[in-house]
Amino acid sequence: MDHLELSEQELIRRESLKELSKLGINAYPADLYPVSHYAADILENFEANEDKHQEVCLAGRIMGRRIMGSASFAEIKDSTGRIQLYIKRDDICPDEDKTLYNTVFKRLLDIGDIIGVKGFVFVTQTGETSVHVKELTILAKSLRPLPVVKEKDGRTFDAFTDPEQRYRQRYVDLIVNDHVMDTFIKRTQIVNTMRNFFNEKGYLEVETPILQAIPGGAAARPFITHHNALNIPLYLRIANELYLKRLIVGGFDGVYEFAKDFRNEGMDRTHNPEFTVMEIYVAYKDYKWMMEFTEEMVERVALELHGTTVVQVGDKTIDFKRPYKRVTMLGAIKEHTGIDISGMNEEQLHAVCKKLGIETDPSMGKGKLIDEIFGEKCEANYIQPTFITDYPIEMSPLCKKHRDNPELTERFELMVNGKELANAYSELNDPIDQLERFQEQMKLSEKGDDEAMFIDRDFVRALEYGMPPTSGMGIGIDRLTMLMTNQQSIQEVLFFPQMKPEKRVEKDPDESFTKIGIPLEWVPVVRKAGYQRVKDLLDVENTNKLHQDLCGINKKNKLGLPNPSKEDVAGWINQ
RNA sequence: CGGUUUGUAGCUCAGUAGGUAGAGCAGCUGACUCUUAAUCAGCGGGUCCAGGGUUCGAUCCCCUGCAAACCGACCA
């Protein structure tokens, strides 16, 4: 990178780095640093146990400095939080040589640098627990200035809030916004709670293919890729359901997977192209059992995370205490529209949609129509956790027919805060029925539904060997985390949400510029003047102005290059 | 994919009824031995997102593009 491309502050930091080197200080030492204490532990335990804090060693990033002559306060942040340092010149420089304080600490160190300190803990006159530094070591120099966020009495100043920068440079977000790390720690706690819950019951965590020849198990548009050696298309999985059920066929009693799924669809506040779903399948169970299992799991997640089942989500207070209300889908529609659609055919359902003001198109079958009615008129009403049960058969091709009504399936979705959180079935294990359902999907596909499922013949073959009655459940981990951490957007619970690529200015290589006669040392100057492509330079009409601009940059940046003549400059671009 | 809004210093934001720009923090120089948004004095820092157009002149007006946010469409 050429120096003309750097900001003033970046140049100063690079200069500081060189000065450190001249002083014999390696700003990126290889040695381990013997950390003995963390910020949060010290703040919590110092008063009760002063003796154990007479010699502490900790490391972290400088987040702020208040220099007062020969004594200073600094704030460093480690993985557990922030703590204040008290640095006195004559303590870190006991001898005549005061360079470490006067030059290194005061001038060559910056906010953002990572340092290690040794010293003892004490409480300042204003009552803040701090580390009195006796020894200071540079562990890594920061060359880019951080956004400086300050806080006073709970109010934040100059907060780093631009979502684009926060997501693109999550590392910066994590450094300066303390609450961000909490959200991600909670996400992992949620996953750990679930994993423990399953393992305690003896279910096995497994891994299944992400690259699939047939993207099955859900209705969605997949990402497609290509395998060179096999010369076949492969799809990134949209679900792992069909593979997990093959494992139940194979004899496992319970299997689960925290799976990244990929769907080639829109992106917004609640959708990322890749997202995480936990799916679990348990043999010899049905969806009624799974409802109890699910509510026990969700309640436990809330309890372990918050110590209570009551969680604030936006302006709503949601109580995850079980049991949750159970409402059939047709019952829900009846309740919120006053219309009993049971037994209606496709035509009648189209009429109902029209009456309710719901847009439809001819490609929609019965299942999709009912789904639309529910989505438009009912879904948003279920704020407290509610199981919606017994979905129409057309919209659940992998689900067992309802034991009491062949029009319906043994399926439930868990609704929370007006949105679907989990989805579960008594799994369809009749291979003949399954093949017919796949064929129905084919017909939908031919009718224009581009999300209809493919036929997975190997999956049918597996069922033909016999799968025990099984119940399966899938739950969106990103959305569960959003609920449990009170975040409004999925980007806040993904470390690196998908973003459009950053646009890079097109640049010609240096050789392209030297080829038209520009001396190599002048190429950065030409770039600084705003010409990254030779073509743009050749389009310049006012060569006098260009000449003056270039000489001006030379002078302003004290580059000390002998200026070219007007004729030289004209010669470059008039070819 | 459609509508609305936004893009100005490292960060957060002003601003110019069209005459190439300001503040706070951060930075630099100096003062200061318990400060905490430290304080005080001084200084520097900007292709005002990119490309076209109108104009004597555009950061501002118009068009196109890029990126983001919000609201819709689609979906989990």
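In the text below, chain A, chain B and the rest are named by the order of the sequence lines, each starting its count at 1.
In this structure, A:Tyr38 places its OH atom where only 12 or fewer heavy-atom neighbours from other residues, nucleotides or ligands lie under 6.0 Å away. Residue A:Lys419 qualifies as open at atom NZ: its count of foreign heavy atoms under 6.0 Å is 12 or below. Around atom CD of A:Glu47, no more than 12 heavy atoms belonging to other residues, nucleotides or ligands sit under 6.0 Å away.
Using atom C1' as the reference point in both B:U59 and B:U20, the two lie 8 Å apart (nearest Å). A distance of about 8 Å separates the P atoms of B:G7 and B:C49, rounded to the whole Å. Taking atom P in both B:C60 and B:U16, the straight-line distance is 14 Å, to the nearest Å. For the C1' atoms, the distance linking B:A31 with B:A38 amounts to 14 Å, nearest Å. Between B:U47 and B:C40, the two P atoms lie 30 Å apart (nearest whole Å). As rounded to the nearest Å, B:G46 and B:G30 have C1' atoms that lie 26 Å from one another. Rounded to a whole angstrom, the distance from the P atom of B:U29 to that of B:C56 is 48 Å. Going from the P atom of B:C13 to that of B:U6 covers 14 Å, rounded to whole Å.
Across all strands, A:Gln125 comes closer than 4.0 Å to base atoms (heavy-atom distances). Among the heavy atoms of the strands lying under 4.0 Å from A:Ile67 is at least one base atom, whether or not backbone atoms are also near. Across all strands, A:Tyr101 comes closer than 4.0 Å to no nucleic acid atom at all (heavy-atom distances). At the heavy-atom level, A:Gln165 lies under 4.0 Å from the strands shown only through sugar-phosphate atoms. The residue A:Asn423 sits apart from the nucleic acid: no heavy atom pair falls under 4.0 Å. Across all strands shown, A:Asn272 has heavy atoms under 4.0 Å from base atoms, whether or not it also approaches the sugar-phosphate. Among the protein residues, A:Arg168 comes within range of the sugar-phosphate backbone only, with heavy atoms under 4.0 Å from sugar or phosphate atoms but none that close to a base. Residue-level contact check: A:Glu128 touches the bases, meaning some heavy atom is under 4.0 Å from a base atom.
When both pairing distances are held under 3.5 Å, B:C74 makes no Watson-Crick or G-U pair with any nucleotide shown. Across all strands shown, the partner of B:C61 is B:G53, judged by Watson-Crick or G-U wobble contacts whose two distances both fall under 3.5 Å. Under the Watson-Crick or G-U wobble criterion, with both distances below 3.5 Å, B:C48 is left unpaired in every strand shown. Checking B:G24 for Watson-Crick or G-U wobble geometry (two distances, each under 3.5 Å) identifies B:C11 as its partner. Within the shown strands, B:A41 is the pairing partner of B:U29 under the Watson-Crick or G-U definition, both distances less than 3.5 Å. Across all strands shown, B:U4 forms a Watson-Crick or G-U wobble pair with B:A69, both key distances being under 3.5 Å.
If A:Gln491 and A:Gly266 are placed on RNA chain B by their nearest nucleotide, the residue sitting closer to the 5' end is A:Gln491. Nucleotides of RNA chain B nearest to A:Ala71 and A:Pro147 differ in position, and the one nearer the 5' end is that of A:Pro147.
A ring-ring contact (aromatic ring centres under 6.0 Å, His included) with A:His132 is found for exactly one of A:Phe46, A:Phe73, A:Phe122, namely A:Phe122.
Spacing between atom CD1 of A:Ile76 and atom P of B:U35 amounts to 21 Å, rounded to whole angstrom units. Counting to the nearest Å, the C1' atom of B:U33 and the CD1 atom of A:Ile87 are 13 Å from each other. For the pair A:Glu151 CD and B:U12 P, the computed distance is 17 Å after rounding to whole Å. Put simply, CG on A:Leu6 is 17 Å from C1' on B:G44, counting in whole angstrom units.
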Protein-to-nucleotide contact annotation, 5' to 3' order, nucleotides 21-28 of chain B [B base; S sugar-phosphate only; - none; under 4.0 Å, heavy atom]: ---BSBSS

Footprint string (nucleotides 1-7 of chain B, 5' to 3'): B base within contact, S backbone only, - free, heavy atoms under 4.0 Å: -------

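In this structure, CD1 on A:Ile238 lies 8.5 Å from CD on A:Glu265, to the nearest 0.5 angstrom. Summarising the geometry, atom CG belonging to A:Asp390 is positioned 3.5 Å from atom OH belonging to A:Tyr287; distances are rounded to the nearest 0.5 Å.
Side chains of A:Glu257 and A:Thr208: a donor-acceptor N/O pair is present below 3.5 angstrom, by distance only. Counted by atom type alone, A:Glu492 and A:Ser489 present zero donor-acceptor pairs between their side chains at under 3.5 Å. A donor-acceptor pair shorter than 3.5 Å cannot be found between the side chains of A:Gln84 and A:Tyr86.
Ion pair A:Asp371/A:Lys368 not flagged as a salt bridge, since none of the NZ, NE, NH1 or NH2 atoms sits closer than 4.0 Å to an Asp/Glu carboxylate oxygen. Using a cutoff of 4.0 Å between basic side-chain nitrogens and carboxylate oxygens, A:Arg411 and A:Glu413 are scored as salt-bridged.
The side chain of A:Arg66 places an N or O atom within less than 4.0 Å of a non-bridging phosphate oxygen (OP1 or OP2) of B:A38.
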